[in-house]
Amino acid sequence: MAPLFCLIIVLYAWPVINILWLGFSDPELGVQNYKLLFTKSSLVKILWTTIRVCFITTLFSVVIGYLIAYAMVHLVGRERNWMLTLLLISFWVSVLVRAFSWLTLLGRNGLVNAVLLGSGLAEEPISMIRNEFGVLIGMVHYMVPYAVLPLFANMQGIDHRVMDASRSLGAGPLLTFVRIYLPLTKPGVIASSLLVFIISLGFYVTPALLGGGRVLMVAEYVSVQILVTVQWGVAAMLATLLLSGVLALLYIMSRFMRISEVFVARP
Amino acid sequence: MTNVNSLGWKILRGFAWAGLAFLVLPMLIAVPVSLTPKRYLSMPTGEVSFHHYINLFSSTEWMSSIGQSTIIAGFSALIATVLGTLCAIGLWRISSKASEVIRGILLLPLIIPPIISAMAFYRIWVKLGLLDSYSGMIIAHAILAVPMVLITVSASLANFDLRLEQASCNLGASIGTTLLRVVLPSIKPGIWAGAIFAFILSWDEIVVALFIAKFRIMTLPRRMWDGIRENTDPTVAASAVVLVLVTIIALTIYTIMTNHVRLHGADNTGKE
C-alpha cells in the first residue's frame, strides 16, 4: 500500500499541485493570470460557452436518462436485460469512436444530410457539425449512460407501495407521478445532474472534434495554450478554475450519493 | 402507474427504447463506412469491400499502433491490478479514519479532469525523460487505472466474511497463507473486474496520450485522433471497428470471469 501511495503522491498529486501553482507563478509571481479574466473578453467567452454547453448537456441527458431509468426499473425479464446490455455497451464504447460516428453521420456529405436532401426536407446540406449543435449532440450521447446510473439506483430504492397508496386514495397517475414519485427521485435527479455536469466541465475530445475549433471550451483552450502557444500560466489558471468547480460540485454531490459507486462503471 | 397496459406506460416505454436507440445505433455507422469500396469516407452502395481492413492490417503504421496499445494496456493493467489490489486489502485491514483519507487521495486520478492529469504528466515526464516512451505511457495509464481496481476490489472485500479470515488464522495459517489461499480467491471477481476496466481504460485513452506521446509512441487512439481530424481515410472506420471489438471482447471476458449478472444496481459495485 505504501509504495502505491508514494507513487501516486510523487508522480501524480505533486505534479497536479505544481500545475495549480503555475497559475500564480508563470511567467512571474503574482495574480496576473487571474486578472486576465477581467481584461480578456475571449477568456470570459470560453468560460461562458463551457457553462452553457454543460448546462444544456445536463438538461437533455438527465431527461433522457430519467426515461430510460424509469422504464428499466419497471420492466422485468428479457426486455430489461436487453436494455441493460445496450446501456452497458454504449457506456464503454470509446469516445473517439462516438465522435467519429457523429462526424460521419452529421457531416456535409453525411447520412443525415443525404436523407434530408433526398426526401426534399432540406434544399441544401445543413451544417450540423463544427458548431454548438454538433458538440451538444455528441456530449448528450456520451453522458446519458452516466445520467441513468444514479437515477436507476435511486429508483430501485423506492417503495412502490407508496404509489399504490396514492392511487388508492384517489390520485390519478399524473398527480401521483408529480406529487409522489418525482419528489422521491429528487436525490437521484440531483446526483445525476451534478455527475453529468462535472464530467462535462472537463470534457475535451467531443468539443474538440465535433466543434471543429469553433466551440471552444475550457479543456480545449487549455490544450491549445500548452501545445501551441505554450502559455502555461494561463492554462494553469484555467485548470485551477476547472478543478475548483469540479471539487466544489463533487462535495455537494457526495451528500447525495457515494461517489465511488458511479465511477466504477466508466472512467 | 405501474399498470403495464396503460397507454402512458406504453408511450414511455417507447421513449425509453428510442433513447437507447439514440445511444447505440449511431455508433454502428462505422461498420458500413469501413466496408465501402471507395477511397473516401462514404456509405457502400451495392458492393462491399474489405479493402480498408486489409489496408489496416497490412499497414506497418497502424499495426505498430495496435501493438503499442496492446503492450501499454496490458502492462498498465497488470501494474494497476497488483498495486490496486494490495492497496485495497491494506486499506480494508486497517480501516480507520486515516485510511478513508488515503482512499480519497488514491481516487483523485478518477475525479480530476483528464486534461489536468495530462498537463501534470506532461510536465513531470519532461523532467524525468519519460516523454514519448513506453514506460511513460504505462506508468501514466497505471496511475489513472489504479482507482478502478481499488473500487472494484474494495467492493468485493466489503462482501467478504471476516470470520473466514479469522477461521484461517485460528487454524494455524500465517497471514501470508491466509491472504493467498483465503482472501484472494474470494475476491477474484473484483480483481478481474478491476483488471479489465484498467485494460479498457488504457486501450482507448486519448487525452493523456495526446500530451505525452508523439513520435516513437503512437497508440491506436492517438493515430485515430489524427485520422479523424483529417476525416478522409476510411481506414479510420476500420480501426474504430477494431477498437470497439476489442472493448467488447474485454467486456465479455469480464462477464464470464466475474460470472455475475450485470447491473443489478442494488449491489455495491454500482454498475455491474
Side-chain angles (χ1 to χ4, degrees), chain A residues 1 4-5 8 11-13 15-16 18-19 64 67-68 70-71 74 83-84 86-90 92-94 96-105 111 141 144 149 152-153 156 160 163 173 176-177 202 204-205 209 219 222-223 226 235 239 242-243 246 250 260-265 267, chain B residues 1-2 8 12-13 15-16 19-20 23-24 26-27 29-30 33 41 43 83 86-87 90-91 102 105-116 119-121 123-124 139 143 146 148 151-152 200-201 204 206-207 221 224-225 228 231 236 240 243-244 247 251 262-263 265-266 269-271:
Chain A
M1 193 182 95
L4 174 67
F5 190 62
I8 299 268
L11 291 181
Y12 190 76
V16 168
N18 255 321
I19 294 286
I64 299 173
L67 281 170
I68 295 177
Y70 184 89
H74 291 89
M83 283 195 162
L84 296 176
L86 289 181
L87 195 72
L88 190 77
I89 292 174
S90 83
W92 282 92
V93 169
S94 152
L96 273 179
V97 175
R98 294 155 179 271
F100 172 77
S101 304
W102 284 115
L103 282 172
T104 319
L105 280 170
L111 195 62
H141 184 244
V144 168
L149 280 185
F152 186 66
Q156 275 201 323
H160 285 270
M163 264 67 70
T176 303
F177 179 79
Y204 174 67
V205 175
L209 289 177
V222 166
S223 87
I226 292 168
L242 180 62
L243 192 58
V246 166
L250 264 176
S260 60
E261 272 183 7
V262 178
F263 282 99
V264 69
Chain B
M1 55 195 267
T2 42
L12 200 138
R13 206 169 74 178
F15 273 123
L20 281 167
L23 290 186
V24 175
M27 301 190 292
I29 187 78
V33 172
L41 284 178
M43 294 290 282
L83 290 179
L86 290 177
C87 191
L91 287 172
I102 295 174
I105 292 175
L106 291 176
L107 290 180
L108 276 181
L110 217 51
I111 290 156
I112 292 179
I115 185 83
I116 298 178
M119 291 167 77
F121 284 130
R123 276 197 72 101
I124 191 148
I139 298 172
I143 289 178
V146 155
M148 307 280 286
I151 290 171
T152 55
I200 303 179
L201 182 143
D204 62 21
I206 174 67
V207 181
M224 279 180 66
W225 171 273
I228 293 172
N231 200 24
V236 176
L243 192 84
V244 173
T247 307
L251 280 178
R262 282 159 305 171
L263 241 167
T269 43
K271 172 86 200 227

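Because the structure is a prediction, the values reported are computed rather than measured. Lettering of chains follows the sequences in order, A, B, ..., and the numbering in each one begins at 1.
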Check your understanding: Does Thr247(B) have any side-chain hydrogen bond (donor to acceptor under 3.5 Å, both in side chains) partners at least two apart in sequence or in another chain, and if so, which?
Key -> none
Practice item. Let me know if Ala235(A) has heavy atoms under 4.5 Å from chain B in its side chain, its backbone, both or neither. Key: both
Check your understanding: Pick from Pro113(B), Pro26(B), Pro114(B), Ala240(B): which one has the most heavy-atom pairs with chain A under 4.5 Å?
Key -> Pro26(B)
Point to revise | Segment of Leu23(B) engaging chain A (4.5 angstrom heavy-atom cut-off) | key: both
Review point. Side chain, backbone, both or neither: which part of Leu243(A) has a heavy atom under 4.5 Å from chain B?
Key: both
Exercise for review: Measure distances from Ile19(A) to the heavy atoms of chain B and classify the residue's part below 4.5 Å as side chain, backbone, both or neither.
Suggested key: side chain
**Study point:** Shortest non-hydrogen contact between Ala30(B) and Phe100(A), atoms and distance
**Key:** CB-CE2, 4.0 Å
Check your understanding: Is there a side-chain contact between Leu91(B) and Leu106(B) (heavy atoms, below 4.5 Å)?
Key -> yes
Study note, to complete from the structure: Checked Leu86(A), Val246(A), Leu103(A) vs chain B; the most non-hydrogen pairs under 4.5 Å come from Leu86(A)
Exercise for review: Just do the side chain to side chain contact (heavy atoms under 4.5 Å, CB included) check on Ile143(B) and Ile139(B) with the steps written out, would you?
Suggested key: CA-CA 6 Å; Ile143(B) 289 178; Ile139(B) 298 172; 4.1 Å; yes
Exercise for review: Flag the one option from Leu96(A), Leu242(A), Asn18(A), Leu67(A) with the top tally of heavy-atom pairs under 4.5 Å to chain B.
Suggested key: Leu96(A)
Study note, to complete from the structure: The interface call for Ser223(A) against chain B, heavy-atom contacts under 4.5 Å, is both
Study note, to complete from the structure: Pair count under 4.5 Å, heavy atoms only, with chain B: among Ala99(A), Gly202(A), Pro15(A), highest is Pro15(A)
Exercise for review: Under the ring-ring contact (aromatic ring centres under 6.0 Å, His included) rule, collect the residues that match up with Phe121(B), sequence neighbours excluded.
Suggested key: Tyr12(A), Trp125(B)
Revision key, fill the gap. Exactly one candidate in Ile102(B), Ile151(B), Ile112(B) meets side-chain contact (heavy atoms from CB on, under 4.5 Å) with Leu107(B); the answer is Ile151(B)
Exercise for review: Side-chain contact test, heavy atoms from C-beta onward, threshold under 4.5 Å: evaluate it for Val146(B) versus Leu110(B) and give yes or no.
Suggested key: no
Practice item. Would you check if Met224(B) and Ile206(B) make a side-chain contact, meaning some heavy-atom pair closer than 4.5 Å? Key: no
Check your understanding: Quick one: of Thr104(A), Val222(A), Ile89(A), Leu209(A), who has the most non-hydrogen atom pairs under 4.5 Å with chain B?
Key -> Leu209(A)
Exercise for review: Please report the C-alpha distance between Arg13(B) and His74(A) in whole Å, then the side-chain angles of each, then the deciding distance to 0.1 Å, and finally whether the side chain to side chain contact (heavy atoms under 4.5 Å, CB included) criterion is met.
Suggested key: CA-CA 10 Å; Arg13(B) 206 169 74 178; His74(A) 291 89; over 6 Å; no
Revision key, fill the gap. Cut-off 4.5 Å, heavy atoms of chain B, and the answer for Val205(A) is both
Review point. What part of Met119(B) gets closer than 4.5 Å to chain A, counting heavy atoms only: side chain, backbone, both or neither?
Key: both
Point to revise | Side chain / backbone / both / neither for Ile124(B) at chain A, heavy atoms under 4.5 Å | key: side chain
Practice item. For each of Leu20(B), Val24(B), Val244(B), tally heavy-atom pairs with chain A at distances under 4.5 Å, and name the one with the top tally. Key: Leu20(B)
**Study point:** Ile226(A) versus chain B, the contacting section by heavy-atom distance below 4.5 Å
**Key:** side chain
Check your understanding: Yes or no on side chain to side chain contact (heavy atoms under 4.5 Å, CB included) for Ile111(B) and Leu250(A), after CA distance, side-chain angles and deciding distance?
Key -> CA-CA 9 Å; Ile111(B) 290 156; Leu250(A) 264 176; 2.6 Å; yes
